[in-house]
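Accompanying notes for the structure given below.
All ligand and atom numbering here is 1-based and tracks the order in the structure. Please read these numbers as outputs of a predicted model, since none were measured by experiment.
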Amino acid sequence: MAIKCYENLTTEIKKLFKLDTKNTSYVMAVVDEEMFLGHVYYGALLNDYHLGHILRTGEIPFVPSKNNRDRGAFLDTFPMEYPAHGLGDYREDCISIETESGNTGLSLQFVSAEIISGKPALSGLPATFSGNASSDGSVSCGDKEDCSSLEIICEDSSTGLRAALLYTVFEDCDVITRSVRVINGGEKAFYLKRVFSACLDMDNKDFEVVSLHGGWARERQLQRVPVSHGKFSVESLRGESSHQDHPFAALVTKGTGQEQGEVYAMHFVYSGNFKISVQNDQFDQVRMVMGIHPEDFKWQLKPGEEFQAPEAVLVYSGEGLGRMTRTFHDFYRKHLIRGIYKDKKRPILINNWEATYFDFNTEKLIGIAREASRLGIEMLVMDDGWFGKRNNDDCALGDWTVNEEKLPGGLKYLADEINKLGMKFGIWLEPEMISPDSDLYRAHPDWAIAIPGREGTLSRHQYVLDLTREDVLEHTWESISKVLQSANIEYVKWDMNRQLTDIGSAILPAERMGELYHRYVLGVYELQRRLTEQFPNVLLENCSGGGGRFDPGMLYYSPQIWCSDDTDAIERLKIQEGTALIYPLSTMGAHVSDCPNHILGRTVPFETRGHVALSGTFGYELDVTKISGEERDMIPEQTAMYHKYNDLVREGDYYRIASYRENHYFDCCGVVKKDKKEALFTFVQVLGRPNYHSRKICFKGLAPEKYYRIEGEDGVYTGDVLMKAGYLVQNLTGDFKSRLIHIVETEEANG
Ligand code: GLA
């Protein structure tokens, strides 16, 4: 049983819930006559004996029924499972409201608990699911019960607010997910001002916090800082999860590395404003919370209404960051990614963005496709600039009709011609946006998110559509579906090239304006739900000015996301390291682009560009008719490599051997097949070093007793030798050089 409930373990502990996965336990207790729900333990698997002793005993005499005189001290120290605002817990709380009379205090008391087999879907939101999503891409959840859930209801008796705390235990995956539904069970309306999805109250174990920060063209850079007194937060108020901060944080014990140390990680399945806060309090207790950012959030709940907060994914690893990474990868591959491409090789694509920018027409695209198909590339993706009068990024977003001057015969003619070459055809869309210079804006200036009476802030010369409005959402859907029905389109790159500002809507009433950010995200989810359900054969790739909305919420709709506009292979090492810390390699949009690189001006050998892109979805972002013959000739070899290795890359266990971010001269990571019969590591020598003889690397994840060969070399090694004594990377001179090391099991002991 993954979920157990014990009654009356001590006089204070009225109930105790123990949630077990294969290697972890999560324990909560209902304490005192007043039924406070406390957080007791999260970490390595515990046995079930004498659990009554695991709640810290020092605080027990302070339970209010025995010492109400010091109720405030109890509330400010007790490890709360879901802390409420304003009655004595001064730490960062998870829920606060404003009543009609303007009051904000809340106290949540345990009412009931129910064990549910499987996992209920979260209304309107992306979420992890039980079982494997069916391969036709259908979105049904809970068809196979390989997890179980616990719903705990807590109530504030004064307002009638009920919080339904949902925990799902994915036993085999070592994952626990959490979410919260708030119900107004009272007789008066109130505003929900804050509703976080998860909280962990723990004793400080000299923690450091690992997070991912960045900016455009340098997304998800790993950062690690000590937890000190006060608060550390990671947050986005940009309307999307953002390039700048990522909805992920992990508390790690000092000295935690890839293979050792304790890690408590939280990841948020949400694509809008978020906040993660880590606070070390006066008693060295650490509280980590995660949820929708409370700033500019205010949701009206009338009697009987509910609010569903998004899901947080919790992973504990007692074996360092590497184990955490592999847990997330397996979990997302199985329980978050859906659709027909879920477990499949994706077509090798060529995208014309860096090849032509806006300067293309049917003839040029067919020319690129013709050459590309000859080289083994399988799909042409037409990027920005095919619609309205869009010849630069100043106009036409919203006018989703084909520009017949550029593309005579329209999308159908082009797609058919591409198909005749034996290639698939894909298209770029930016459905959430509106250019002031567009027919759509001229007809509906009130459809943009804006503060009435104030000129809106332009970003990339565009505004954001007010997807909280039903008419705007329906029109947007109609435009998308019309495009997708007009030709044989088998791939969509869904872009979002600006963040939200000027939060205002022409029709939302004042008392609901605080709902705009979240309603916007729900609108995006609704559009992508329709797209994945009504066009299940389309491969959807999300994108936001590069990797600005690379988050688990978007991953629920698209099995891959464009990682970054920065396609320089060396910068990509850091971006892909940060991304692969949580996301499977099958999700990382990665292409070989032209050099000098368009963003950095750096020139990296074509071979290295190919090796780095092979760790992701793999594709090209250049004009194959214009690159040198020498580079062109390497493409068939690269596409063959993709076919040879992609199953391993998509399905294997990921190991990081060395990080260029840390050592400043080389990078090495790779994947090991689950049965350990094969592995592929990518070694990149960023900077050559003079008179330096040893480049030995110790692989990880192999079977110590197995015999292995390195493809293309003589000799047989044991896994033990390759992992402990290491393997010498030889004859690699120069900067930006790389090598793929393919390790294959062999029967022979001698070689
Ligand atoms: C964004 C994307 C790019 C490209 C452009 C087109 O920046 O990240 O890949 O599609 O938009 O405008």
TODO: Can you sort out which atoms of ligand 1 are near Asp384, meaning under 4.0 Å from one of its heavy atoms?
DONE: 6 (C), 12 (O)
Task: NZ or CZ of Arg390 within 45° of Phe358 ring axis and under 6.0 Å - done: no
- [ ] Pull out every atom of ligand 1 sitting under 4.0 Å from any heavy atom of Cys543, numbered as shown with elements.
- [x] 2 (C), 8 (O)
Task: Shortest protein heavy-atom distance from atom 10 (O) of ligand 1, along with the residue and atom involved - done: Asp383 OD1, 2.6 Å
TODO: With heavy atoms only and a cut-off of under 4.0 Å, state how Asp495 meets ligand 1: side chain, backbone, both or neither.
DONE: side chain
- [ ] Considering only non-hydrogen protein atoms, determine which one is nearest to atom 9 (O) of ligand 1 and report residue, atom name and distance to 0.1 Å.
- [x] Lys493 NZ, 2.7 Å
Task: Distance filter under 4.0 Å to Asn497 heavy atoms, resulting ligand 1 atoms - done: 1 (C), 7 (O), 11 (O), 12 (O)
- [ ] Measure the acute angle between the ring planes of Tyr441 and Tyr463, then classify it against the limits of 30° and 60° as parallel, tilted or perpendicular.
- [x] tilted
- [ ] For the pair Phe618 and Tyr620, name the ring-plane relationship: parallel under 30°, tilted 30 to 60°, perpendicular over 60°.
- [x] perpendicular
- [ ] Using distance alone, determine whether Glu621 and ligand 1 share an N or O pair under 3.5 Å.
- [x] no
Task: Atom CD of Glu404: over 12 foreign heavy atoms under 6.0 Å - done: yes
- [ ] Test the Lys493-Trp562 pair against the cation-pi criterion, namely NZ or CZ under 6.0 angstrom from the six-membered ring centroid and within 45° of the ring axis.
- [x] yes
Task: Glu354 heavy atom under 4.0 Å from ligand 1 - done: no
Task: Closest protein heavy atom to atom 7 (O) of ligand 1, given as residue, atom name and distance to 0.1 Å - done: Asp565 OD2, 2.9 Å
Task: Aromatic ring pairing His444/His475, orientation class (parallel under 30°, perpendicular over 60°, tilted between) - done: tilted
- [ ] With heavy atoms only and a cut-off of under 4.0 Å, state how Met496 meets ligand 1: side chain, backbone, both or neither.
- [x] neither
Open item on the list: Tell me which one of Arg549, Arg238, Glu219 satisfies side-chain contact (heavy atoms from CB on, under 4.5 Å) with His243.
Closed with: Glu219
TODO: Give the numbers and elements of all ligand 1 atoms closer than 4.0 Å to a heavy atom of Gly546.
DONE: 8 (O)
Open item on the list: Would Trp353 count as a polar contact of ligand 1, with the cut-off being nitrogen or oxygen pairs under 3.5 Å?
Closed with: no
- [ ] On the 0 to 90° scale, with breaks at 30° and 60°, tag the Tyr583-His246 ring pair as parallel, tilted or perpendicular.
- [x] perpendicular
